[in-house]
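Down below is the structure, laid out as structure tokens.
Here is the naming used below: chain letters follow the sequence lines, and residue numbers restart at 1 for every chain.
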2 protein chains.
Amino acid sequence: MQTISREDYLKAILKIEEEAGSVSNQSLVEKLSTRPASVTNMLHTLADAGWVEHEAYKGVRLTDSGKEIALSTLRKHRLWEVFLVDKLNFSWDEVHQWAEDLEHVGDEELTNRLDAFLGHPAFDPHGDPIPTAQGQWSDGRNLIPASKAVVGDRIQLKGVVDSGEAYLQHLDRLKIELGLILVVSKSLDFDESKTLIWPDGSEASLSKQTLQNMLVEKLSRKGKE
Amino acid sequence: MQTISREDYLKAILKIEEEAGSVSNQSLVEKLSTRPASVTNMLHTLADAGWVEHEAYKGVRLTDSGKEIALSTLRKHRLWEVFLVDKLNFSWDEVHQWAEDLEHVGDEELTNRLDAFLGHPAFDPHGDPIPTAQGQWSDGRNLIPASKAVVGDRIQLKGVVDSGEAYLQHLDRLKIELGLILVVSKSLDFDESKTLIWPDGSEASLSKQTLQNMLVEKLSRKGKE
DNA sequence: AAAATATTTTAGGCAGGGCTAAAAACAAGC
DNA sequence: GCTTGTTTTTAGCCCTGCCTAAAATATTTT
Ligand SMILES: [Mn+2]
Ligand SMILES: [Mn+2]
Ligand SMILES: [Mn+2]
Ligand SMILES: [Mn+2]
């Protein structure tokens, strides 16, 4: 039977599979801010339910049924985030905590109605793709970290690697939001920082760290698009 | 610390206080579909937290802080019900189960934004009043059970006593919904059933039971208002 | 008032999910 | 190949909230 905790674990496993390819217990300890013994324990529970395959000391993999639950939970999470931002006017750094709860409410029917009400959004407020009702789950876009952009590039922010509150608020303070187009005007070899130009002409220098977490699309360098 | 179960108990105690004046353990067993030992147990927990006053074998009463939590939970429940009906187009008999989960999500801020988004509704889809952000909580209306209406009365459905799925679906089948205006055309002493006339001219006979659970407002008997 | 019935509490368990501390297994370094 | 350090598992415990069965207390009936 599904519980909040089990859904959270399955979702975490899915995300780590995507990001890292393989899922260690340690990676779950970090992602879920928990303890090794708790992870081992839950993996046994999930394996008994047939949602993961787990061999002691070898790691863990989602089964088809586990992946289905994980994708459904992720879909709900991201749809609720869209709701909170688009309809209740929260900012992108405030919504994760509530979506973490809301993702455990409702069934497929409720989720599909929410999806329709929101106009079938393809991406959540952090630029992450929303799995479809059929569990389709691929980005299609070809995003690169802003740290890879070179002087002269026009880049548009399409997502973030780290959607933690601290980082998002940092971007807020820099007046950087999804969709914003920036031009790279300088690049410092020394610390790998870059100076960027905003549409209003102002500029600022961003650290390597900040740039690495910004996922951007390279736009054509000349024309207005 | 607040948990889902504790909030559910406090909400149940609030409702029983409203309906019956005093709250017995037995009444909680029924309202929450649980066992006497579970109730005793939880009442100790709630008393330790300072949310109820409980004297063994004597019953239980909400404290101010307990009432605050109960009202806030009820407010959230009813606002989410409005959301599900008004925005996601669920019918009034489908929303309770999800609201029972949603009521435990979010803080005051989220609730107030939801309230604003919904246009500050005063009543939920079952006609029950929604407590305000300040915990104001009174109906104002003077509703009577339809069973008290007499031949010739024009009555408008404003609420239901029993908002269980079975009863609501019964009303659905009879094409009875909130706001509907009916006229009492016959009254049978024998079984206390009444025949009612719909706005479209059709009529049907409703049982005593059905009528008792309909909360109506008496409209002036003549004019169009 | 005594007996019968109903309600509430206590006692003792159980399942889920968390934790710490210690043991076991694996991975690296020499 | 052994030693060292890291990761994972086991063992044992805690807390929440549910349960049944039995005991205690109230209430109702006779
Ligand atoms: Mn969650
Ligand atoms: Mn997101
Ligand atoms: Mn609830
Ligand atoms: Mn309701």
I need the [atom1]-[atom2] distance between [X] and [N], as an integer number of Å.
| X | N | atom1 | atom2 | result |
| --- | --- | --- | --- | --- |
| B/Glu55 | D/dA26 | CD | P | 10 Å |
| A/His44 | D/dA11 | NE2 | P | 11 Å |
| A/Asn25 | D/dT10 | CG | C1' | 13 Å |
| A/Leu28 | D/dT7 | CG | P | 14 Å |
| B/Leu32 | D/dG17 | CG | C1' | 13 Å |

Using atom types as modelled, flag every donor-acceptor pair under 3.5 Å from a side chain in residues 36-53 of chain A to any protein atom, sequence neighbours excluded.
from    : atom 1 : to      : atom 2 : distance (Å)
A/Thr40 : OG1    : A/Pro36 : O      : 3.3
A/Thr45 : OG1    : A/Asn41 : O      : 3.4
A/Glu53 : OE1    : A/Arg61 : NH2    : 3.3

Compare side-chain N and O positions of A/His54 against OP1 and OP2 of D/dT8 and report whether any pair is under 4.0 Å apart.
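So the side-chain polar atoms of A/His54 never come under 4.0 Å of the phosphate oxygens OP1 or OP2 of D/dT8.
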Among all residues two or more places apart in sequence or in another chain, which pass the ring pair (Phe, Tyr, Trp, His ring centres under 6.0 Å) test with A/His104?
none
Contact letters for nucleotides 16-26 of chain C, in which S counts primed atoms plus P, OP1 and OP2 and B counts the base, heavy atoms under 4.0 Å:
SSSBB---BSS
Among residues at least two apart in sequence or on other chains, which ones pass side chain to side chain donor-acceptor pair (under 3.5 Å) with [X]?
| X | answer |
| --- | --- |
| A/Lys87 | none |
| A/Ser207 | A/Thr210 |
| A/Gln212 | none |

Between A/Asp172 and A/Trp92, do the side chains contain a donor N or O and an acceptor N or O under 3.5 Å apart?
yes
Can you list every pair that meets ring-ring contact (aromatic ring centres under 6.0 Å, His included) and has a residue in residues 122-147 of chain A, with sequence neighbours left out?
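Every pair satisfying ring-ring contact (aromatic ring centres under 6.0 Å, His included) with a residue in residues 122-147 of chain A: there are none.
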Show every ring-ring contact (aromatic ring centres under 6.0 Å, His included) that has at least one partner inside residues 2-36 of chain A, sequence neighbours left out.
none
Contact residues, residues 97-107 of chain A to DNA chain D [heavy atom, < 4.0 Å]
none
